[in-house]
Protein chains: 4
Amino acid sequence: MGSPTFDLPPDTGAPPARRSRRKQARPGELLEAALDLFVSKGYAATRVEEVARLAGVSKGTLFLYFPSKQELFKALVRHVLADRFAEWSLELDNYQDDTASLIHYCYEVWWTRIGATKACGLPHLVMAEAHNFPEIAAFYRQEVVVPGNRLVERILQRGIDRGELRAMDVGYGTTLVLAPLIFCAIAQSSGGLCLPNPQFDVPAFLRLQADTLVRGLAPDAQGALP
Amino acid sequence: MGSPTFDLPPDTGAPPARRSRRKQARPGELLEAALDLFVSKGYAATRVEEVARLAGVSKGTLFLYFPSKQELFKALVRHVLADRFAEWSLELDNYQDDTASLIHYCYEVWWTRIGATKACGLPHLVMAEAHNFPEIAAFYRQEVVVPGNRLVERILQRGIDRGELRAMDVGYGTTLVLAPLIFCAIAQSSGGLCLPNPQFDVPAFLRLQADTLVRGLAPDAQGALP
Amino acid sequence: MGSPTFDLPPDTGAPPARRSRRKQARPGELLEAALDLFVSKGYAATRVEEVARLAGVSKGTLFLYFPSKQELFKALVRHVLADRFAEWSLELDNYQDDTASLIHYCYEVWWTRIGATKACGLPHLVMAEAHNFPEIAAFYRQEVVVPGNRLVERILQRGIDRGELRAMDVGYGTTLVLAPLIFCAIAQSSGGLCLPNPQFDVPAFLRLQADTLVRGLAPDAQGALP
Amino acid sequence: MGSPTFDLPPDTGAPPARRSRRKQARPGELLEAALDLFVSKGYAATRVEEVARLAGVSKGTLFLYFPSKQELFKALVRHVLADRFAEWSLELDNYQDDTASLIHYCYEVWWTRIGATKACGLPHLVMAEAHNFPEIAAFYRQEVVVPGNRLVERILQRGIDRGELRAMDVGYGTTLVLAPLIFCAIAQSSGGLCLPNPQFDVPAFLRLQADTLVRGLAPDAQGALP
DNA sequence: TATGAATGAGACTTCATTCAT
DNA sequence: GATGAATGAAGTCTCATTCAT
């Protein structure tokens with residue numbers, strides 16, 4: 001049940017010694033700072049010096065840990081997105097309740113662990129820079145998109161098998177499930193720019209979305225076009 | 001049924017003369033080029049000289065028509081996204097069929113006019129640059145987000161009034177309708193990075209999405225959580 | 001008794017026809033505009049397009065008459081400064097009164113014909129650009145500085161010969177006479193920046209200066225250092 | 001008896017190492033270089049890269065110390081012209097001899113500290129750019145023109161009080177005293193363009209000017225116009 | 001002849017990266 | 001290791017000049 005952000009060193013309360021403090025924690029602090037800034041300002045508009053300052057080190061020190069701005073960005077993506085799906089897959093294996101509940105649970109969990117955290121800015125950022133960082137795009141596809149789709153495929157297949165969902169093309173069905181999450185991630189990280197008003201309650205929307213989706217995928221749903 | 005892109009001058013086959021004087025056509029050509037490059041490379045990674053070259057003019061000529069890179073971007077947003085909603089609103093007024101058909105029709109029309117064109121890259125771009133260009137964000141909200149939501153609100157209210165949709169919070173319902181379109185726009189403009197495979201058929205997905213949505217919003221839908 | 005500015009064509013009252021009006025007057029109008037702008041904004045900060053607009057023609061037309069900005073500047077200096085000293089020399093030949101009156105008269109005349117007109121901005125401009133325009137500097141020295149000094153030398157020599165001025169090195173004396181004029185020209189053209197207050201009355205100062213100078217050069221003046 | 005220019009670092013004979021770190025010395029070196037180039041070529045014709053090269057650093061380094069070309073110019077004006085008057089005011093307070101000597105002394109001191117140094121090019125430059133940089137003009141008026149006039153006012157009033165000068169409007173009298181200095185500054189910085197010949201001995205002229213001025217302001221001077 | 005659209009060299013400025021300390 | 005002064009390539013924008021109309 002990992003935190004969606006980074007494991008910060010335990011705060012000892014005392015101000016750390018200036019020069020030689022927590023050397024092994026530096027990369028994490030730099031990535032934390034990079035996440036903040038890349039997500040809120042975009043890749044190009046973020047200066048490496050800002051990242052260093054926010055992490056409490058000098059510009060030169062950043063380059064000791066990451067050989068370039070591009071490598072910093074790649075490391076950030078790898079760091080934030082790695083090893084989430086293994087954990088989630090386990091949770092799915094152990095889930096006992098019906099599919100409607102499972103979908104609701106997934107949306108809730110996603111919100112708690114991703115949507116409500118700074119990590120939710122990354123998908124947007126990765127997609128925006130996909131053309132400039134093909135390597136990152138490939139990594140993202142392999143480490144995030146494919147596992148995410150696998151996970152949802154299993155959920156849908158389980159629902160169909162249990163008679164809780166109507167028969168469907170599971171490949172497209174996964175996107176039906178994932179699209180709202182990606183939408184919410186982007187809505188969040190763009191300051192709600194695609195939402196109708198600033199009071200928009202994203203968790204409530206996700207509940208409505210889950211409910212509507214479950215209704216729409218129910219075996220006995222009415223109203224389909226011929 | 002306006003084209004979502006610009007009217008290029010008729011291609012006479014001959015390469016345009018050097019230093020040809022085409023004051024009327026220049027802004028459209030430059031915006032067309034800007035759309036191509038901004039959408040595919042991002043705002044910061046696009047150099048104004050590239051835009052000018054793609055439009056077949058020199059760097060200086062671009063600045064004759066747009067006083068800065070930022071103004072070029074604003075003009076692009078205005079040109080591509082403005083004046084679509086008036087037309088759509090008219091179509092809605094004249095629509096006769098039931099709500100399920102209307103929603104399907106909207107998704108189809110959106111795909112034809114936006115999703116399948118280069119214009120579909122703009123929402124992504126605007127959201128990515130929202131923090132750097134608050135003025136553009138405000139403009140986008142006012143000229144695109146708000147009118148779009150208004151349009152969908154009318155569709156939903158019409159459906160509820162006609163007894164074709166269940167009662168709901170129309171404010172959140174609009175986002176249920178719009179989110180898939182925004183998702184598809186971003187999926188398209190990021191090279192399908194959030195889609196499960198390269199053969200993903202977006203129009204087919206939109207049909208499935210419309211169908212599922214209509215089912216989910218139907219008055220007699222089953223399966224809602226307590 | 002020439003005007004210190006340019007001879008404009010007689011104003012016929014009727015608005016001139018757009019295209020083919022007063023072609024032979026164009027260079028003069030352009031030089032008039034150039035004087036205005038060069039003097040008030042400096043050489044570099046003046047754009048040729050501004051000059052053309054102020055003269056009522058297009059940028060291209062300016063280049064029909066002057067092959068470059070530098071040549072426009074040279075032509076301006078030549079035009080404004082040419083043929084002033086011949087006239088003044090004649091007036092000097094015919095002057096009858098005593099030297100004190102003559103010096104007062106010279107300062108008055110200078111003020112009327114130069115100091116109070118836009119032409120008084122030129123010395124400043126020429127001196128500021130002397131390093132960038134050695135050719136103009138040489139021309140200015142030959143056509144303005146040398147004749148001006150000659151004229152004043154004759155005045156001083158006449159005064160010494162008539163016993164109205166003490167014996168002196170006439171070469172340095174001329175600079176005593178001319179320095180206040182140059183000072184006033186620069187004070188005027190810099191917006192009074194070297195003057196103690198905005199109400200400074202330059203003609204009154206020149207009268208005081210002439211008076212003080214005459215006293216200081218009088219044969220029986222007291223107070224010299226040992 | 002402060003030097004009007006900057007204290008350069010001691011020349012060790014060896015060429016400075018590439019990428020040497022000299023944070024303390026840089027601003028002074030850059031201002032020194034800026035003084036040289038601005039004064040000899042004018043503001044617009046001086047490129048910041050030239051300034052940097054003359055100071056032995058790269059273009060980027062200049063912008064490390066001065067955020068823009070305009071700020072460099074302002075800093076130069078402040079540095080060269082500020083803090084001279086406090087010192088001079090003190091000297092004036094302690095002066096014991098008669099007014100004629102004092103005026104001579106002032107001119108001598110001005111020549112030594114300003115006229116004979118590169119600093120004498122600044123007044124000309126500031127006046128030439130006054131229209132383009134109103135902020136600098138205001139600063140110059142407040143920090144240089146006003147204090148300078150104050151100082152001379154005190155000298156004249158002291159002379160009148162001691163019966164060594166005739167009664168006069170002290171406001172205009174100050175300009176009588178200062179005009180020759182400004183004239184000489186401009187003459188120097190324009191390569192002697194307004195002087196009758198290249199052998200013109202400026203200190204000798206200033207002595208003659210002081211002498212003539214003192215005679216002209218003497219209480220018993222003869223020869224005033226009615 | 002007159003126009004003004006078009007050009008492109010060149011200016012200022014930024015910032016990722018290097019490296020002496 | 002850590003620093004931050006220094007670098008210089010690269011970007012935006014200006015404007016004198018050209019030239020098709």
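Every heavy atom of this structure was used, including side-chain atoms; hydrogens, water molecules and symmetry mates were not. Predicted model, so just to flag it, every value in this text is computed and none were measured. Throughout, protein chains are lettered first and strands after them, A, B, ... in sequence-line order, and every chain is numbered starting at 1.
- Residues satisfying the side chain to side chain contact (heavy atoms under 4.5 Å, CB included) criterion with A33(B), sequence neighbours excluded, are V51(B), L54(B), A55(B).
- Between F73(B) atom CZ and dT12(F) atom P there is a gap of 14 Å when expressed in whole angstrom units.
- Of the residues in residues 127-135 of chain C, none has a non-hydrogen atom less than 4.0 angstrom from any atom of DNA chain F.
- Helical stems in DNA chain F, defined as runs of 3 or more consecutive Watson-Crick or G-U wobble pairs with donor-acceptor distances under 3.5 Å: E:2-21 with F:2-21.
- The CG atom of L72(B) sits 16 Å away from the P atom of dG11(F) (whole-angstrom rounding).
- Under the side chain to side chain contact (heavy atoms under 4.5 Å, CB included) criterion, A128(D) pairs with H124(C), A128(C), sequence neighbours left out.
- Partners of A44(B) by side chain to side chain contact (heavy atoms under 4.5 Å, CB included), not counting sequence neighbours, listed by chain and number: A44(A).
- Nearest heavy atoms, S190(D) versus A130(C): O-CB, 4.2 Å.
- Side-chain atoms of K118(D) and V39(D), non-hydrogen and from C-beta on, never get closer than 4.5 Å to each other.
- Within the 4.5 Å cutoff, the side chain of F63(B) has heavy atoms near those of the V48(B) side chain.
- Straight-line distance from the CG atom of L62(A) to the P atom of dC19(E): 17 Å, rounded to whole Å.
- Taking the salt bridge (charged side-chain N to carboxylate O under 4.0 Å, His left out) definition, one finds that R53(B) meets it with E49(B), sequence neighbours left out.
- Contact annotation: R26(A) side-chain N/O to dA2(F) OP1/OP2 distance is under 4.0 Å.
- The listed nucleotides are dG8(F), dG4(F), dT7(F); the one nearest the side chain of R53(D) is dG8(F).
- For residues 38-47 of chain B, every residue pair satisfying the side chain to side chain donor-acceptor pair (under 3.5 Å) rule, not counting sequence neighbours, is listed here: K41(B)-E50(B).
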Treating primed atoms plus P, OP1 and OP2 as sugar-phosphate and everything else as base, which nucleotides of nucleotides 11-16 of chain E get B, S or - for protein heavy atoms under 4.0 Å? SSBBSS

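- Here the shortest heavy-atom pairing between L122(A) and L35(A) reads CG-CD1, 3.9 Å.
- Residue pairs meeting the side chain to side chain donor-acceptor pair (under 3.5 Å) criterion with at least one partner in residues 54-73 of chain D, sequence neighbours excluded, are S58(D)-T61(D), E71(D)-K74(D).
- As rounded to whole Å, 18 Å separates atom C1' of dT18(F) from atom CZ of F66(C).
- Between Y65(A) and dA2(F), a side-chain N or O to OP1/OP2 separation shorter than 4.0 Å is present.
- With sequence neighbours excluded, no residue forms a side chain to side chain contact (heavy atoms under 4.5 Å, CB included) with A138(A).
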